[in-house]
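What follows is a single structure, written as structure tokens, with notes after it.
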Protein chains: 2
Amino acid sequence: MTRGATETRPSEARQRLLSTATQIFYADGIHSVGVDRIIADAKVTRATFYRHFPSKDDLVVTYLQEVHQMERAAFTAAIAAHSTAADSLLAIAEAIAANIRTAGFRGCAFLNAAAEFPDVNHPVHQQIIAHRQWFLDTLTTLMAQVAEDSSDAAARHFVMLRDGAMAAGCLFDPALVVDTFLRGVEGLVRIHGQRESASAA
Amino acid sequence: MTRGATETRPSEARQRLLSTATQIFYADGIHSVGVDRIIADAKVTRATFYRHFPSKDDLVVTYLQEVHQMERAAFTAAIAAHSTAADSLLAIAEAIAANIRTAGFRGCAFLNAAAEFPDVNHPVHQQIIAHRQWFLDTLTTLMAQVAEDSSDAAARHFVMLRDGAMAAGCLFDPALVVDTFLRGVEGLVRIHGQRESASAA
DNA sequence: TAGCGGGGAGAACGTTCGGTCTGAAACGCT
DNA sequence: AGCGTTTCAGACCGAACGTTCTCCCCGCTA
């Protein structure tokens, strides 16, 4: 126990707090869980919590940033593992599908948060908008390599399928949702790829 | 003021309470608005509220039933106004699009509620499931008249596009969301219609 | 060894939550 | 007139909310 010296700097308690909050907020929602439960599960006292986070809202923002980083990492890895943009898009779709199939899947953390924070000026809402913009931009860039002329519409179509799949994934049979989603994405990539090769010919 | 005689029977206060709750819950979420605000906006006292609704949860369930009835009425009208199933499907899509374009659009009341009530056994959650099942069944019936062999998959695809459009409608430019949605539905109906006529030939 | 300071512990703050209770006006009905 | 229901008005409850407070321990440097 006396080894801890340099690794204490990012604060072990803070990390415990954040990972606990991430689990609970995602599983049970945000407004319906209080600070009490989070600090109890993280085995931390109130004062410690408020030393690391100015308010509960700040914790929520940090929670969404955490999820954003994880998704970003997963998608970057999926893109890096494939040589063509079409393969990358299908890999991203497969990553989303795998997420939906996960036990304890509770939908998109950002869409769920948006339902609880309608105020557009609220920091949490802006975090959601920023995440979605990043996601759309990433897809648009990839789509541009598959179908240059219709990349915007194709990327929006992809996002729409994803949003629907993420929303329904915990309200319907996940297997059927994933099936519908993957078929939709495959059709999307195929059609736009065909259109591109046709216009290039 | 002495004209009121027979229309008081379904309780004017109760109706005022319900319509107020419908507006507020949809606009601002459920957990973040208290009973105090609803009774204040409805100009009703606490005792009156608890005379008509055993608890806040009951009001939430009734709120969702109210929205369900409105959607049901709108879709039934859209279906009745067209002779072919394909036209009915497009009319339903247009009704959804019109909803998204509405000022003050805040997404799907049921998807938003699902984000706040993750517990599957909760009456509110079951109300959501029931509504979605009705919606899917309605679409499946219509799709069966367009593409008999693939009606299930086509209906699920339609629902997925709708869910995505409803979720994104208040997070992106509604015009672009509606555009993407309608293109998707048109493609869906066209493709399944073609497949049907091809297999029939 | 003395002293400093950040992090942890836990009591306590005032407010708001959902929900109950009393008591008295205002109404429709027979 | 008399009855029953509905509504109003508001005090009240215990619990939970987000937040702040003081105290103390522990590892650091001088």
Side-chain angles (χ1 to χ4, degrees), chain A residues 1-22 24-25 27-64 113 116-117 119 122-125, chain B residues 1-22 24-25 28-64 113 116-119 122-125:
Chain A
M1 304 292 183
T2 58
R3 79 195 59 164
T6 56
E7 71 262 29
T8 326
R9 237 188 273 105
S11 178
E12 181 204 337
R14 190 196 136 101
Q15 199 152 343
R16 199 150 16 106
L17 227 20
L18 183 53
S19 77
T20 303
T22 299
I24 297 184
F25 280 156
D28 290 359
I30 297 173
H31 284 319
S32 59
V33 324
V35 174
D36 291 17
R37 198 179 143 202
I38 291 171
I39 63 176
D41 278 32
K43 290 175 176 54
V44 157
T45 57
R46 281 200 167 60
T48 304
F49 171 80
Y50 281 100
R51 174 151 325 99
H52 293 294
F53 301 96
S55 71
K56 185 192 175 185
D57 277 6
D58 285 81
L59 176 64
V60 177
V61 169
T62 311
Y63 148 63
L64 289 180
E116 298 205 55
F117 292 85
D119 182 6
H122 196 287
V124 170
H125 196 97
Chain B
M1 303 293 182
T2 57
R3 79 194 60 167
T6 57
E7 71 264 28
T8 326
R9 236 187 272 102
S11 176
E12 181 203 337
R14 190 197 136 101
Q15 200 153 342
R16 200 151 16 105
L17 228 18
L18 182 54
S19 78
T20 304
T22 300
I24 297 184
F25 281 155
D28 290 0
I30 298 172
H31 281 139
S32 59
V33 325
V35 174
D36 291 17
R37 195 178 146 204
I38 292 171
I39 64 176
D41 277 34
K43 289 174 176 54
V44 158
T45 57
R46 295 183 86 74
T48 305
F49 172 81
Y50 281 101
R51 181 181 318 280
H52 293 293
F53 300 96
S55 71
K56 185 191 174 185
D57 277 7
D58 285 83
L59 176 65
V60 177
V61 169
T62 311
Y63 149 62
L64 289 180
E116 298 204 56
F117 292 84
D119 182 7
H122 196 287
V124 170
H125 196 97

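Chain A is the first sequence line, chain B the second, and so forth, proteins listed ahead of strands; every chain is numbered from 1.
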Practice task
May I have the step-by-step check of side-chain contact (heavy atoms from CB on, under 4.5 Å) for A:H52 and A:L18, ending in yes or no?
Solution key: CA-CA 10 Å; A:H52 293 294; A:L18 183 53; over 6 Å; no

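- In this structure, A:L59 places its CG atom 14 Å from P of D:dC17, rounding to the nearest Å.
- No side-chain heavy atom of A:E116 sits under 4.5 Å from any side-chain heavy atom of A:V60.
- The salt bridge (Lys or Arg N to Asp or Glu O under 4.0 Å) contacts involving residues 33-44 of chain B comprise B:D28-B:R37, B:D36-B:R46, where partners must be two or more places apart or lie in separate chains.
- Annotation: side-chain contact (heavy atoms from CB on, under 4.5 Å) contacts of A:F49 (sequence neighbours excluded): A:L17, A:V35, A:I39, A:F53, A:L59.
- Side-chain nitrogen and oxygen atoms of B:T45 include none within less than 4.0 Å of the OP1 or OP2 phosphate oxygen of D:dT7.
- The side-chain heavy atoms of B:R14 and B:T62, taken from C-beta on, include a pair separated by under 4.5 Å.
- Between A:L17 atom CG and C:dG7 atom P the separation is 13 Å, expressed in whole Å.
- Taking only distance into account, the side chain of A:R51 meets the base of C:dG8 through a donor-acceptor pair shorter than 3.5 Å.
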Fill in the blank from the handout: Quick tally for nucleotides 14-21 of chain C: nucleotides whose base has a protein heavy atom under 4.0 Å get B, sugar-phosphate-only ones S, the rest -, giving ---SBBBB

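- Counting heavy atoms from C-beta on, the side chains of A:F25 and A:L64 never come closer than 4.5 Å.
- Between the CD atom of B:E12 and the C1' atom of C:dA26 there is a distance of 13 Å, given to the nearest Å.
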